[in-house]
Number of protein chains: 2
Amino acid sequence: MTTATIRDVARKAGVGVGTVSRVINGSPAVSQATRQKVLDAIETLDFSPNLVARRLSLGKTQTIGVIVPYFTNPSVVERLRGVVSVIAASDYDMVLFDVETVVRRETCLRDVPRRRQVDGLLIVSLELTDEEVDRLDRSDIPTVLVDARHPDLNQVIVDNVQGGYIATKHLIELGHRRIGYISDFLNDPFNSPVRDRYTGYYKALAEVGISLRPDYHRQALHGRDEARKMTHDLLDLQDPPTAIFAYSDTQAIGVLEAARERALNVPADLSVIGFDDIEAAEYLNITTIQQALFDSGVRGSKLLLELMSASFPTPRKILLPTKLIKRRTTASPREVAG
Amino acid sequence: MTTATIRDVARKAGVGVGTVSRVINGSPAVSQATRQKVLDAIETLDFSPNLVARRLSLGKTQTIGVIVPYFTNPSVVERLRGVVSVIAASDYDMVLFDVETVVRRETCLRDVPRRRQVDGLLIVSLELTDEEVDRLDRSDIPTVLVDARHPDLNQVIVDNVQGGYIATKHLIELGHRRIGYISDFLNDPFNSPVRDRYTGYYKALAEVGISLRPDYHRQALHGRDEARKMTHDLLDLQDPPTAIFAYSDTQAIGVLEAARERALNVPADLSVIGFDDIEAAEYLNITTIQQALFDSGVRGSKLLLELMSASFPTPRKILLPTKLIKRRTTASPREVAG
DNA sequence: CTGAAAGCGCTAACAA
DNA sequence: TTGTTAGCGCTTTCAG
């Protein structure tokens with residue numbers, strides 16, 4: 001079936017295409033009678049305006065691009081849920097770019113703005129280089145970062161330093177002195193949260209005069225299994241930590257697995273605290289640091305929508321707080337509790 | 001910054017727009033010298049073709065629409081991961097339509113095809129009425145259903161009857177005779193998996209002469225908490241079930257919660273089996289029926305890609321099997337194991 | 001091999 | 001109030 005065009009409607013209704021366009025777009029400058037004729041023609045032809053043509057003519061795509069890395073990461077998905085919830089309710093379509101490789105990252109970041117594919121861009125959990133930001137600026141496509149920082153861009157971020165601090169402090173207050181931290185690679189230039197949480201960890205330790213033990217910090221690629229292995233390494237130490245702070249809940253689950261493999265009782269033998277408060281953390285009763293994942297997506301897309309209707313003079317930053325959620329994987333260490 | 005157009009490039013290179021177009025599209029009918037001139041102009045102007053214009057001209061959107069209900073549902077997300085993985089690697093953009101309300105369902109299903117927004121449509125876990133399918137057919141946009149059935153459409157589905165059967169059979173073989181089933185509403189016209197799994201449950205019971213006890217089947221809206229409540233109802237019965245088959249892992253988690261609230265030991269006091277094998281099921285060691293969630297997304301999008309390049313004479317159906325994953329929430333009932 | 005020109009379906013400015 | 005027309009930026013004949 002070949003779809004009806006505005007021209008077919010015009011012919012059928014015996015009017016010009018301009019008039020049809022006016023009716024479609026609800027212009028008041030059409031007489032009741034003509035409007036009705038056009039409406040009838042639209043009805044019988046089952047006409048609906050071709051969006052692509054409309055977009056070209058308007059110079060607007062009515063589309064928001066969302067770039068996410070690792071669609072496999074539960075916290076990214078949770079943010080995305082927030083994004084979806086507001087975009088679905090808006091007049092915009094949402095096109096999703098999943099970035100898993102460096103090549104794809106580059107093509108997305110370069111081509112999407114340049115080809116005028118989208119009216120606005122939301123970038124989730126992906127840190128940009130200055131050069132990339134420059135190019136973005138030049139394309140003047142409104143852009144908002146969620147869970148990623150850059151001085152020149154609008155962003156919704158979480159206070160990771162505070163989160164790392166709270167987590168570590170919680171363990172210290174329970175009486176732990178030997179506290180490990182397992183995380184993604186600290187030197188990943190695109191992952192500031194890892195560093196920030198580490199900073200918080202460090203701050204809390206320093207505050208009470210516990211000196212940093214480099215061997216208590218392990219890093220690897222993100223993942224449950226990697227975390228499991230790092231935990232074993234940590235527990236193989238002469239004087240192993242009595243508590244482990246995991247960079248993410250996913251990793252905390254790996255820690256728990258390692259503990260189980262060694263028949264270690266959590267929290268009696270080993271305290272574990274995660275980060276994110278994903279759903280699984282609740283199921284598994286993992287003590288964790290909650291960050292507003294869903295909400296960060298909501299706030300980010302709302303900010304973008306605002307930005308698209310009226311650009312701000314200077315980039316706006318929204319900082320979301322974190323919160324300790326005490327559950328069953330943390331307790332005082334044996335030597336203290338006993 | 002106003003982006004360069006093909007005309008700017010043509011002027012700069014001193015050629016016609018047609019030639020530029022040929023270069024962009026890799027037509028061999030351009031001399032090496034001209035090609036180089038054009039390439040240079042493109043380079044200096046940082047030109048990239050406007051996608052919307054290209055789409056209008058070609059009459060193709062280079063876009064695949066994906067309609068999903070309940071982006072909150074972990075198994076839907078898992079399928080989506082599969083979809084994303086193949087679309088991201090193709091030349092198509094993916095636009096995501098999240099459908100949470102009836103109104104949105106209707107607008108999506110009606111407008112997306114009619115407005116020529118997409119070249120192909122993937123519908124996940126959403127069952128269509130005949131009328132909706134008719135309209136889809138008339139729009140002749142290639143469509144594939146994932147986890148949803150319809151006689152006239154291409155589809156990737158899972159053998160839910162078999163899954164329900166396997167689950168129930170497993171419990172029977174462990175010695176259970178009083179087996180409950182908690183699920184979404186059976187009479188939801190858009191949710192055939194609920195009915196199918198129920199059919200499997202029924203078949204397995206009938207096979208060994210256990211008569212169906214209506215009070216052993218509870219239904220409610222999907223959700224963990226609803227499942228928790230249904231479980232309490234079941235356990236309040238005079239002779240409560242010794243095993244519960246939950247329609248989904250999410251619901252199985254609710255069952256587990258109820259058991260914990262009653263200080264019931266799982267699996268000693270109560271066996272629980274779920275369905276889907278989402279990640280949480282693994283963490284929580286829930287015995288479940290695995291279905292190829294990710295794979296269903298992969299298969300569905302590949303089928304769609306195929307369909308878009310050459311339509312099939314008759315709708316294709318891919319049936320994915322299910323598999324029992326034994327973990328720690330099922331065991332023989334006390335009276336038998338005793 | 002290359003340029004000119006006619007669309008793709010719509011919007012909006014301009015006349016009438 | 002309405003019809004006509006010139007684009008939007010690209011692709012693709014059709015001549016040459």
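Throughout, protein chains are lettered first and strands after them, A, B, ... in sequence-line order, and every chain is numbered starting at 1.
End-to-end axis angle of the helix from C:dC1-D:dG16 to C:dA16-D:dT1, from C1' rotation axes over five pairs per end: 50° (rounded to 10 degrees).
Residue contacts for B:V52: at a heavy-atom cut-off of 4.0 Å it reaches no nucleic acid atom on any strand shown.
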Self-check item: nucleotides 11-16 of chain C: protein proximity per nucleotide (B base, S sugar-phosphate only, - neither; heavy atom, under 4.0 Å)
Solution: BBB---
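When each of B:V124, B:D98, B:L109, B:V95 is checked for a side-chain contact (heavy atoms from CB on, under 4.5 Å) with B:I67, only B:L109 meets the rule.
Other residues, nucleotides and ligands contribute more than 12 heavy atoms inside 6.0 Å of the CG atom of A:N25. For A:Y70, the OH atom counts as loosely surrounded, since its 6.0 Å shell holds 12 or fewer non-hydrogen atoms of other residues, nucleotides or ligands.
By the salt bridge (charged side-chain N to carboxylate O under 4.0 Å, His left out) test, B:D147 is found to be paired with B:R79, residues two or more places apart in sequence or in another chain being considered. Remark: A:E43 engages no residue in a side chain to side chain contact (heavy atoms under 4.5 Å, CB included) (not counting sequence neighbours).
If you find the closest nucleotide of DNA chain C to B:V15 and to A:S48, the one lying nearer the 5' end belongs to B:V15.
With hydrogens and angles ignored, the 3.5 Å screen pairs no side-chain donor or acceptor of B:R135 with any backbone N or O of B:D130. Put simply, the side chain of A:T63 gets close to the backbone of A:T61: a donor and an acceptor are under 3.5 Å apart. In terms of modelled atom types and a separation under 3.5 Å, the side chain of B:E132 and the main chain of B:T129 share a donor-acceptor contact. Distance alone, capped at 3.5 Å, places no donor-acceptor pair between the B:S57 side chain and the B:R54 backbone.
Distances were taken from every side-chain heavy atom of A:F47 (C-beta onward) to each of C:dT2, C:dG9, C:dC10; the shortest belongs to C:dC10.
Protein chain A contacts DNA chain D from D:dT1 to D:dG9, reading 5' to 3' and using non-hydrogen atoms of the protein with a distance under 4.0 Å.
Classification of B:D40 and B:K37 as a salt-bridged pair fails, no side-chain N sitting under 4.0 Å from a carboxylate O. Using a cut-off of 4.0 Å between Lys/Arg side-chain N and Asp/Glu carboxylate O, B:D295 and B:R299 are scored as salt-bridged.
For the segment residues 32-43 of chain A, the set of residues with a heavy atom within less than 4.0 Å of an atom of DNA chain C is empty.
Taking the ring axis of B:F190 as reference, the NZ or CZ atom of B:R105 stays within 45° of it and closer than 6.0 Å to the ring centre.
Shortest non-hydrogen contact noted between B:G65 and B:F97 is CA-CE1, 4.1 Å.
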